[in-house]
Q: 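Here you go, one structure.
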Amino acid sequence: KLITKIGQGSMGSIYKALQISMDRIVAIKILAPRFSQNKNFRERFISEARAVARLNHPNIIQGIDVGEANGFHYFAMEYIDGSSVGELLKRGGALDEKRALYIVIQVSRALNHAFQHGILHRDIKPDNVLLTRDGVAKLCDLGLAKIQKKDDPSGTRPGAAMGTPYYISPEQARGEESVDTRSDIYSLAATLHHMVVGQVPFQGETASAVIAKHLTEPLVSPRQRNPLVSPSVEFIILKGMQKAREDRYQFPHELLRD
């Protein structure tokens, strides 16, 4: 039973709803009709949603059910009564460094769990990290997630950039086929930059201008932009946002260790 609309994305709408059989509140994503009419997209949405639903981690939104009803394709998931990190940042300024690190530690654990199950998120950003009233971070919106397969490392069409420009990795921006967990690590480091500096790593008047900077422009020192950033956190950001993925953290547990 739908209660109220709580979100709108490019792929569809999200509603707060009551799961009648369990008498509990859930969030339910409804695939936009224009995508539902595409057989290939529809099958991919359902198969990937089922795979994501297999993830079971305290820092990842729990998938509950996926299916079709009256021509509408849906994905039901855990409902979080809280705000996103993106909403916190929009209220003004950088977050306290200790709080930002606590959030990133939790998301790193989520990424490590997803990596161990062969899943890439491909759209890590402040808006996709929800916070419960108790401060637990929950990685959400796996709409661009991809299950890695031996014969298909990313599922990305050559030349097709996927992700959000402010946090996109260079290899995702180039639409490379062999995108892996290091791309998510880059996006998480860019997210940490936004949290502790108070602004995104690269700015531009258009999405293409921002993407171009991710590809070619050196990152300004976070401490130069905000002297309150500690040297150790600056190191994590700079290492996580290296242009060449070989120079970044190679796995989420390495980032988590630092």
Side-chain angles (χ1 to χ4, degrees), residues 9-12 14 26-29 31 35 40-67 73-78 80 84-85 103-130 136-158 160-164 167-173 175-192 240 245 248-256:
S10 59
M11 300 300 179
I14 302 177
V26 299
I28 184 165
K29 179 183 289 186
L31 192 62
F35 292 114
N40 292 333
F41 191 93
R42 183 173 66 243
E43 291 178 349
R44 179 171 170 174
F45 170 82
I46 294 173
S47 65
E48 293 189 3
R50 283 175 176 159
V52 170
R54 290 200 299 266
L55 294 177
N56 185 14
H57 191 275
N59 298 121
I60 298 177
I61 291 288
Q62 181 64 54
I64 293 172
D65 188 25
V66 62
H73 292 82
Y74 65 87
F75 182 25
M77 65 200 83
E78 174 185 10
I80 302 300
S84 69
V85 172
I103 292 169
V104 170
I105 285 171
Q106 294 180 81
V107 178
S108 296
R109 290 171 179 159
L111 278 187
N112 196 50
H113 180 76
F115 168 72
Q116 290 171 347
H117 286 76
I119 293 180
L120 302 176
H121 189 285
R122 299 200 298 183
D123 198 20
I124 304 292
K125 59 183 178 181
D127 286 339
N128 285 342
V129 179
L130 299 180
V136 177
K138 299 270 189 176
L139 183 59
C140 70
D141 198 352
L142 293 113
L144 292 184
K146 176 61 190 175
I147 296 85
Q148 288 186 288
K149 301 175 183 177
K150 292 181 181 179
D151 60 343
D152 181 9
S154 74
T156 305
R157 298 188 314 277
M162 303 187 75
T164 300
Y167 314 96
I168 196 169
S169 71
E171 60 269 24
Q172 268 187 266
E176 293 184 7
E177 294 183 78
S178 56
V179 176
D180 56 33
T181 192
R182 293 172 291 183
S183 181
D184 281 346
I185 288 171
Y186 181 99
S187 297
L188 181 55
T191 295
L192 175 58
R245 52 189 162 188
R248 295 176 211 149
Y249 296 103
Q250 299 300 287
F251 304 101
H253 68 81
E254 295 178 353
L255 170 61
L256 192 54

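Scope of the values below: all heavy atoms of this structure, side chains included, with no hydrogens, waters or symmetry mates.
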Q: Side chain to side chain donor-acceptor pair (under 3.5 Å), that's the test. Do R248 and S183 meet it? Break it down for me.
A: CA-CA 9 Å; R248 295 176 211 149; S183 181; 5.6 Å; no

Q: Might you point out which heavy atoms bring S169 and S187 nearest each other, and give the distance in Å?
A: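 So the two residues come closest at N-OG, 4.2 Å.
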
Q: Say you draw a straight line from CG of L120 to CZ of R182; how long is it, rounded to the nearest 0.5 Å?
A: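 Going from the CG atom of L120 to the CZ atom of R182 covers 11.0 Å.
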
Q: Please enumerate all residues that pass ring-ring contact (aromatic ring centres under 6.0 Å, His included) together with Y186, with sequence neighbours excluded.
A: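 Result, ring-ring contact (aromatic ring centres under 6.0 Å, His included) vs Y186: H214.
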
Q: Can you check side chain to side chain contact (heavy atoms under 4.5 Å, CB included) on E177 and V179, steps first, answer last?
A: CA-CA 6 Å; E177 294 183 78; V179 176; over 6 Å; no

Q: Taking 4.0 angstrom as the limit, do R245 and E176 come out as a salt bridge?
A: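 Salt bridge between R245 and E176, a charged N being under 4.0 Å from a carboxylate O: yes.
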
Q: Pick out which of D184, L255, L256 makes a side chain to side chain contact (heavy atoms under 4.5 Å, CB included) with L111.
A: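 That would be D184.
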
Q: Going from CG on N128 to NZ on K138, what distance comes out if it is rounded to the nearest 0.5 angstrom?
A: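 Result: 15.0 Å between the selected atoms.
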
Q: Find out whether M77 and I28 are in side-chain contact, i.e. whether some heavy atom of one side chain is under 4.5 Å from a heavy atom of the other.
A: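 No, side chains not in contact.
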
Q: Which pair of non-hydrogen atoms, one from V136 and one from P58, has the smallest distance, and what is that distance?
A: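 Heavy-atom minimum between the residues: CG1-O, 3.9 Å.
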
Q: With a 4.5 Å heavy-atom cut-off, do I185 and P252 have their side chains touching?
A: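 A side-chain contact under 4.5 Å exists here.
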
Q: Atom OH in Y249, atom CG in L188: separation rounded to 0.5 Å?
A: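 Between atom OH of Y249 and atom CG of L188 there are 10.5 Å.
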
Q: Out of N59, I124, L55, I61, which residue meets the side chain to side chain contact (heavy atoms under 4.5 Å, CB included) rule with L139?
A: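 With L139 as partner, N59, I124, L55, I61 yield a single side chain to side chain contact (heavy atoms under 4.5 Å, CB included), made by I124.
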
Q: Find out whether V85 and I103 are in side-chain contact, i.e. whether some heavy atom of one side chain is under 4.5 Å from a heavy atom of the other.
A: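 When only atoms from C-beta onward are counted, I103 and V85 do touch, with a gap below 4.5 Å.
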
Q: When you check the gap from the basic side-chain N to the acidic O, do D123 and K125 get nearer than 4.0 Å?
A: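 Salt bridge between D123 and K125, a charged N being under 4.0 Å from a carboxylate O: yes.
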
Q: In chain order, what residues pass the salt bridge (charged side-chain N to carboxylate O under 4.0 Å, His left out) check against R109, with sequence neighbours excluded?
A: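 In terms of salt bridge (charged side-chain N to carboxylate O under 4.0 Å, His left out), with neighbours along the sequence ignored, R109 is linked to no residue.
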
Q: Should R122 and Q172 be marked as a side chain to side chain donor-acceptor pair (under 3.5 Å) after you check the CA-CA gap, both sets of side-chain angles, and the distance that decides it?
A: CA-CA 8 Å; R122 299 200 298 183; Q172 268 187 266; over 6 Å; no

Q: Applying side chain to side chain contact (heavy atoms under 4.5 Å, CB included), run through H113 and I60 and close with a yes or a no.
A: CA-CA 9 Å; H113 180 76; I60 298 177; 3.9 Å; yes

Q: What are the two closest non-hydrogen atoms of D127 and S84, and how far apart are they?
A: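 For D127 versus S84, the nearest heavy atoms are O-CB, 3.8 Å.
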
Q: Which atom names give the shortest non-hydrogen contact between V129 and C140, and what distance separates them?
A: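 Result for this residue pair: N-SG, 4.5 Å.
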
Q: Would you call the rings of H253 and F251 parallel, tilted or perpendicular if under 30° counts as parallel and over 60° as perpendicular?
A: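 Ring orientation of H253 relative to F251: parallel.
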
Q: Could you tell me which non-hydrogen atom of F75 sits nearest to which non-hydrogen atom of V66, and how far apart they are?
A: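 Taking every non-hydrogen atom into account, CD1-CB, 4.2 Å.
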
Q: Atom CG in D180, atom CD in Q250: separation rounded to 0.5 Å?
A: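 Answer for the CG-CD pair, D180 versus Q250, is 8.0 Å.
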
